[in-house]
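The block underneath contains the structure these notes are about, expressed in C-alpha cells.
Positions are given from 1 along the sequence.
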Amino acid sequence: MGRVQNHARLDEVGERLDGAARPQPAEGQGDEAVKLAPPGHKDRPGALNNLGIAWQERCHRTLSLPDLEQAVAITREAVALSPDQGAHDPARAGRPANLAHLLKWRFEAVGRPADIDEAIGLVDEALRIVPRHHPKRAELLPQLVTHLQERFDTYRGLEDMRRILDLERLMEADGLVPEHGRGR
C-alpha cells in the first residue's frame with residue numbers, strides 16, 4: 001500500500017472511530033501520572049514517555065493519524081525534557097528511540113521525508129548515549145538499520161546502503177546478527 005493510501009486509510013479508520021466510543025490510553029492513567037508530575041518535576045519526562053507509549057498502543061488499535069500525531073507530540077516533549085545525565089546514560093536512550101519509531105511509522109503513513117531523517121538522527125543520538133557493549137545496543141542497531149533501509153528503499157541513497165552494510169558488519173562482530181542474517 002502506498003504512502004497516500006496509508007494516510008487515507010488512517011484518516012478513514014479514524015473518522016469511523018470518531019463516532020464510536022474510543023478508548024483512552026491506559027484508561028486515563030497516563031494523563032493522571034502526567035498531572036502528578038507537573039512541569040519542572042523530575043518524573044515528568046518518564047510520565048510523558050509512558051503516556052506517549054499508551055497513545056502509540058492506542059494508535060496501533062485505531063490506526064488513527066490524530067492518535068499517531070498525539071503520540072509523537074507527547075513523546076517529543078518527553079525527549080526534550082529528558083535530563084542529560086552525561087555521555088553514557090542507557091536509560092535515557094529509550095526515549096529518542098521511541099520517538100524514532102513513531103516518526104518512522106508516520107513516514108510510512110504520510111511520506112514526510114523529514115520524519116525518516118529525524119528518526120535516523122534520533123537513533124544515532126540514542127546510540128551515542130549507550131556504551132559500546134551495553135545490551136541496549138542490541139535493540140538500537142537493528143532499529144537504525146531498519147530506518148536506513150526504509151529511507152534507502154524510498155530514495156535509493158547509496159550512503160544509506162553503505163551505512164546499513166557497515167552496521168550489519170558491526171552487529172555481526174558484536175554477535176548481534178547471525179551469519180545467515182546478512183546478505184542484501
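Remark: His134 engages no residue in a ring pair (Phe, Tyr, Trp, His ring centres under 6.0 Å) (not counting sequence neighbours). In this structure Glu125 satisfies the salt bridge (Lys or Arg N to Asp or Glu O under 4.0 Å) test with no other residue, sequence neighbours excluded. Annotation: salt bridge (Lys or Arg N to Asp or Glu O under 4.0 Å) contacts of Glu57 (sequence neighbours excluded): none. Partners of Gln143 by side chain to side chain donor-acceptor pair (under 3.5 Å), not counting sequence neighbours, listed by chain and number: His147. The side chain to side chain donor-acceptor pair (under 3.5 Å) search around Asp117 returns Arg151, not counting sequence neighbours. Annotation: side chain to side chain donor-acceptor pair (under 3.5 Å) contacts of Glu118 (sequence neighbours excluded): Arg76.
Checked options Val123, Leu167, Thr146; the residue passing with Leu141 is Leu167 (criterion: side chain to side chain contact (heavy atoms under 4.5 Å, CB included)).
Val130 is connected to Val145 through a chain of hydrophobic side-chain contacts under 4.5 Å among Ile, Leu, Val, Met, Phe, Trp and Tyr, so both are in one cluster. Both Val79 and Leu103 sit in one connected hydrophobic cluster of ILVMFWY residues. Membership requires side-chain heavy atoms under 4.5 Å apart, directly or through other members. One hydrophobic cluster holds both Tyr155 and Leu165 under the rule that ILVMFWY side chains link at heavy-atom gaps under 4.5 Å.
Glu69 CD to Cys59 SG: the interatomic distance, rounded to the nearest 0.5 Å, is 9.0 Å. To the nearest 0.5 Å, atoms CG (Leu170) and CG (Asp174) are separated by 4.5 Å. Note: Lys104 NZ to Leu99 CG = 14.0 Å, rounded to the nearest 0.5 Å.
Here Glu172 does not pair with Arg169 in a salt bridge; the nearest charged N to carboxylate O distance is not below 4.0 Å.
At a threshold of 4.5 Å between non-hydrogen side-chain atoms, the residues Ile116 and Thr154 do not count as touching. Annotation: side chain of Met161 is not in contact with side chain of Arg156 (no heavy-atom distance under 4.5 Å).
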Before giving the answer on side chain to side chain contact (heavy atoms under 4.5 Å, CB included), spell out for Arg44 and Leu48 the whole-Å C-alpha distance, their side-chain angles and the decisive distance to 0.1 Å.
CA-CA 6 Å; Arg44 188 167 179 85; Leu48 285 167; 3.8 Å; yes

Decide yes or no on salt bridge (charged side-chain N to carboxylate O under 4.0 Å, His left out) for Arg163 and Asp166, but give the supporting numbers first.
CA-CA 5 Å; Arg163 280 196 72 196; Asp166 288 346; over 6 Å; no

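Side-chain atoms of Thr75 and Asn98 include no donor-acceptor pair closer than 3.5 Å.
Aromatic ring centroids of His60 and Trp105 lie under 6.0 Å apart.
Residue Phe152 comes nearest to Gly157 through the heavy atom pair CD1-O, 3.2 Å, listed as atom of the first residue, atom of the second, then distance.
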